Amino acid sequence: MKQLLQDPRTGELAVTDVPPPQLLPGCVLVRVAASLVSAGTERASAEFAGKNLIAKAKARPDLVRDVMAKLRRDGLLSTLHAVRSRLDQPQSVGYSSSGVVVAVGDGVTDINVGDRVACAGAGYAVHAELACVPRLLLAKIPDRSDMAFEEAAFGTVGAICLHGIRTAEVSLGETVAVIGLGLLGQVTVQLLKAAGCRVFGMDLLRSRADLAMQGGAELACTSASEFRDLCFQKAGGAGADAVLITAETASSEPVNLAAEVARDRAIVVAVGTVGMDIERKLYYGKELDFRVSRSYGPGRYDSAYEQKGRDYPIGHVRWTETRNLEAFLALIVERKLNVAPLITHRFPMDEATRAYDLITGRIRDSFLGVVLNYPEVMAAPEVPGKISISTTPAVSGSVGIGVLGAGSFAQATLLPALQEIPRVSLVAVCNATGPRSRNAAEKFGFRYCTDSEQDILRDPSVHAVMVVTRHHLHAAQVQAAMSVSKAVFCEKPLCLTEEELGRIVRTRAGQESGPPLMVGFNRRFAPMAVQLKHFISDIHEPLAIQYRVNAGFIPADHWVNDLEQGGGRILGEVCHFVDFLCYLAGSCPVEVQCRSLANVGQYSSDNIVASLKFSNGTLGTITYLANGDKAASKERVEVFGGGSTAILEDFRYLELVRNGRKQITRARWRQDKGHRHEMRAFVDAVQAGTAAPISFEQIVGSTLATLRLQNSCQTGEPQVVSLSEFVSSAVQSAFHPVPYAEREGDRR
């Protein structure tokens, strides 16, 4: 399918052929008929992307601080690599569209194939022929209406304006001033008029002021002084009851003009992106209430609402972003709004870059509503899911790799490591979104990219499958690859539940000595880790190991903290450190216990101290913390035993002490956590047909121990980890299923 993408390095845009998006649960697949180009938001994004690195740094000092902290912690080369990788990801643009539903995902019951819908949301309602949109980010176009797709494509802008008006708490008969009569301002004027308000507008362009009066404004002008006089004269000398700022400018003049034209104790709402250097005296003198309207309404930026479809009860939240979208469409159907005159330019999708030339000023022409049109839905050709990229034949004897997932970690770390191995043939890549699939395929030289996992699983030239998707998908994808006798590399964690682990154990048991299965526990392959392991290998007594991790804070709504998608930080990240302790101890845990610091509301049970007892008597402690400063070192390992001491700091400094002699190894430029060596070891095993570099027993043992740590953190009680008992139970359950009556009894 065709999609408009932006290069984050240069800001350049191009219409590119990419695989269609995968249909996800709770979403619908929409064939787009029209999409609206936002002159404000999308122009700002294009202008930022077009800045050089210095200008970008000045605009985003917060990102500069993050880069400098990483530089101090990880070294220059690692930091440069991370920054370059981030800038290599193409950006999807657009956030307001309309079209026809062509497929419905699991969990969606009130939308059907063939429904006409309006779509919202950056990253969802993009400028593309097909879009995967969460249920609560779309609204049905009322049945039997003659609404054009172009009109419905204004839905997101309409929801923004409605939420701004609701934030201002205006009521019937009140006087409302609107500053800025671009697209947001024009729609706001019409909505206020439909609500029975007296509306006065101001814009620097005469044509926009005139258009606002045609749309319902009582009067509109082009100068600040005239606007001040107008608002007081028409409001009986008191000033406007509410002021809505719908301008887009870095200047703070609109905010302070709003204070001048407002009445005593009025509400001022910033809907557009404007400067906020507020003159306190103006606001203090009238005791004005200044508010910022957040996007389309309640639900916006709430992942539980938008991505999981958890609606707010109407009795508690009357106007969510979805209900605002529906209300706007209803007003168009009832002809209380007329957005057609706001469309000044139309471009076919193939010429979408011209629309951006227009809004960024490369084409000198006045504009307001800019719409992209797509081929008629019924006449649109079938969209291929598989796109060929390279025709280079595979080298004889090479290992063919298929990759599920093309996110930042895969493209920044694992794929570059694979690319360095000469005996690897990169065959196919699949991602939930087409642009990332296409970008990874072109960047690393895959033969094709696809929207279907089955294309990779069925491809005989794929010998090994890499699973680098979100955590909740790992177990099923690993099993699917194992079931077709593919070697599997799964980025951690292997799974999120003991039930999933049991299924993997059963699948493996049925294959006897099948192709290698490996989990991405890379730290054991780091050069300094190997050196440390060699140093303690001749110690024949239990060790004491302390692993301190200054993990850093991530928001509670981050997907890793989502127990359904990421499993939380114990399963998603602490598993790394459990495996590393297993590697150093040379055995699996037999008992674990985990306690967390009291949660003050900011954290997500990610400040923990975990204790592990190993079968050979070694004791390990993992202190994993989110409440520290990221500028400090991230990881520190201390090992004591046999009269020796070892200290490993951030995989850049290793200190080995024995018999009073100290051996120090430093890596000044680059941090090496073992990813390249890990990839080489996996490929060697696949090519030679030997066992995986990490034994299946250790993979299951460390995974089971991590799952039990999670349980211990919840209960506060120590947990026994009996690997043999778990494996035996998992295998036997395949041959001794629980009777249905017993299962029903357990439920009761």
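Owing to the predicted nature of the structure, the values given are computational and were not obtained by experimental measurement. Numbers for residues simply follow the sequence, beginning at 1.
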- Phe154 and Leu337, any side-chain heavy atoms less than 4.5 Å apart: no

- Query: Counting only heavy atoms not in Lys308, do more than 12 sit closer than 6.0 Å to its NZ atom?
  - Reply: yes

- Message: Is any side-chain heavy atom of Leu192 closer than 4.5 Å to one of Leu244?
- Response: yes

- Do Ile245 and Val268 touch side chain to side chain, with heavy atoms closer than 4.5 Å? yes

- Message: Could you report the tightest heavy-atom contact between Tyr374 and His127, atom names first, then the distance?
- Response: OH-CA, 3.3 Å

- Message: Please find the pair of heavy atoms, one from Val468 and one from Ala410, that lie closest to each other, and give the distance.
- Response: CG1-CB, 3.8 Å

- Task: Check whether any side-chain N or O of Thr344 sits under 3.5 Å from a backbone N or O of Val370 as a donor-acceptor pair, and report yes or no.
- Result: no

- Message: Given 3.5 Å as the limit, does a donor-acceptor pair link the side chain of Arg438 with the main chain of Asp17, or not?
- Response: yes

- Query: Is the backbone of Gly272 close enough, under 3.5 Å, to the side chain of Thr246 for a donor and an acceptor to pair up by distance?
  - Reply: no

- Message: Looking at Asn338, is its backbone amide N or carbonyl O close enough to the side chain of Gln190 to form a donor-acceptor pair, meaning the two atoms are under 3.5 Å apart?
- Response: yes

- Task: With rounding to the nearest 0.5 Å, note down the distance linking CD1 in Ile160 to OG1 in Thr188.
- Result: 9.5 Å

- Query: In Å, rounded to the nearest 0.5 Å, how long is the span from CG of Asn324 to OG of Ser295?
  - Reply: 10.5 Å

- Exam field: side chain Glu218 to backbone Arg198, donor-acceptor pair closer than 3.5 Å: no

- Any chance you could lay out the side-chain contact (heavy atoms from CB on, under 4.5 Å) test for Arg291 and Val269, step after step, and finish with the verdict? CA-CA 5 Å; Arg291 303 176 181 180; Val269 179; 4.3 Å; yes

- Message: Determine whether a donor-acceptor pair (N or O, by modelled atom type, separation under 3.5 Å) exists between the side chain of Glu129 and the backbone of Lys2.
- Response: yes

- Between Arg335 and Glu151, does at least one N-O distance fall below 4.0 Å, as a salt bridge requires? yes

- Is there a side-chain contact between Leu5 and Asn439 (heavy atoms, below 4.5 Å)? no

- Task: Identify the heavy atoms of Val30 and Val133 that sit nearest to each other, and give their distance.
- Result: CG2-CG2, 4.4 Å

- Chi angles and distances behind the side-chain contact (heavy atoms from CB on, under 4.5 Å) call for Phe149, Val100: CA-CA 9 Å; Phe149 283 119; Val100 175; 3.6 Å; yes

- Measure the spacing between CD of Glu442 and OG of Ser437 and express it to the nearest 0.5 Å. 11.5 Å

- Query: Of the non-hydrogen atoms in Met1 and Pro19, which two are nearest, and what is the gap between them?
  - Reply: CE-O, 4.0 Å

- Message: Determine whether a donor-acceptor pair (N or O, by modelled atom type, separation under 3.5 Å) exists between the side chain of Arg166 and the backbone of Trp319.
- Response: no

- Describe, in one word, how the ring planes of Tyr296 and Tyr95 are oriented to each other, choosing from parallel (under 30°), tilted (30 to 60°) and perpendicular (over 60°). parallel

- Task: Check whether the side chains of Asp455 and Tyr448 place a donor and an acceptor atom closer than 3.5 Å, and report yes or no.
- Result: no

- Query: If you draw a 6.0 Å radius around CZ in Arg294, do more than 12 non-hydrogen atoms from other residues or ligands fall strictly inside?
  - Reply: no

- Task: Decide whether Ser92 and Gln3 meet the rule of one side-chain donor and one side-chain acceptor closer than 3.5 Å.
- Result: yes

- Message: Check Arg263 with Asp241, please: is the shortest side-chain N to carboxylate O separation under 4.0 Å?
- Response: yes

- For Thr450 and Ser452, indicate whether the former's side chain and the latter's backbone hold a donor-acceptor pair under 3.5 Å. yes

- No-hydrogen, no-angle side-chain donor-acceptor test under 3.5 Å, Asp562 and Gln307: no

- Query: Heavy-atom distance under 4.5 Å between the side chains of Leu230 and Met202, does that happen here?
  - Reply: no

- Verdict with supporting geometry, Asp289 and Arg265, side-chain contact (heavy atoms from CB on, under 4.5 Å): CA-CA 7 Å; Asp289 187 348; Arg265 297 188 179 182; over 6 Å; no

- Query: Less than 4.0 Å between a side-chain N and a carboxylate O, is that true for Asp110 and Arg135?
  - Reply: yes

- Item | Side chain Glu453, main chain Cys430, donor-acceptor under 3.5 Å | no

- Query: To the nearest 0.5 Å, how far apart are CD1 in Ile141 and CD in Glu326?
  - Reply: 12.0 Å

- Message: To the nearest 0.5 Å, what is the distance between CG on Leu329 and OG on Ser98?
- Response: 9.0 Å

- Task: Could you tell me whether the side chain of Asp115 and the main chain of Asn112 form a donor-acceptor pair under 3.5 Å?
- Result: yes

- Task: Please examine the side chains of Val102 and Leu130, heavy atoms only from C-beta on, and report whether any two atoms are closer than 4.5 Å.
- Result: yes

- Task: Mind running side-chain contact (heavy atoms from CB on, under 4.5 Å) on Arg208 and Thr222 for me, showing each step along the way?
- Result: CA-CA 9 Å; Arg208 292 186 176 182; Thr222 58; over 6 Å; no

- Query: Among Leu257, Val271, Asp203, Val274, which one satisfies side chain to side chain contact (heavy atoms under 4.5 Å, CB included) with Ile179?
  - Reply: Leu257

- Message: I need the His472 NE2 to Gln477 CD distance, nearest 0.5 Å.
- Response: 8.5 Å

- Do Ile359 and Val37 come within less than 4.5 Å of each other through their side chains, counting heavy atoms only? yes

- For the residue pair Leu211 and Leu181, establish whether any side-chain heavy-atom pair is separated by less than 4.5 Å. no

- Contact summary for Ala177 and Val261, nearest pair of heavy atoms: CB-CG2, 4.4 Å

- Identify whether NZ of Lys or CZ of Arg in Arg362 sits under 6.0 Å from the centre of the six-membered ring of Tyr356 and within 45° of that ring's axis. no

- Message: Regarding Asp311 and Arg323, does a basic nitrogen lie under 4.0 Å from an acidic carboxylate oxygen?
- Response: yes

- Item | Closest heavy-atom pair and its distance - Val333, Ser145 | CG2-CB, 3.9 Å

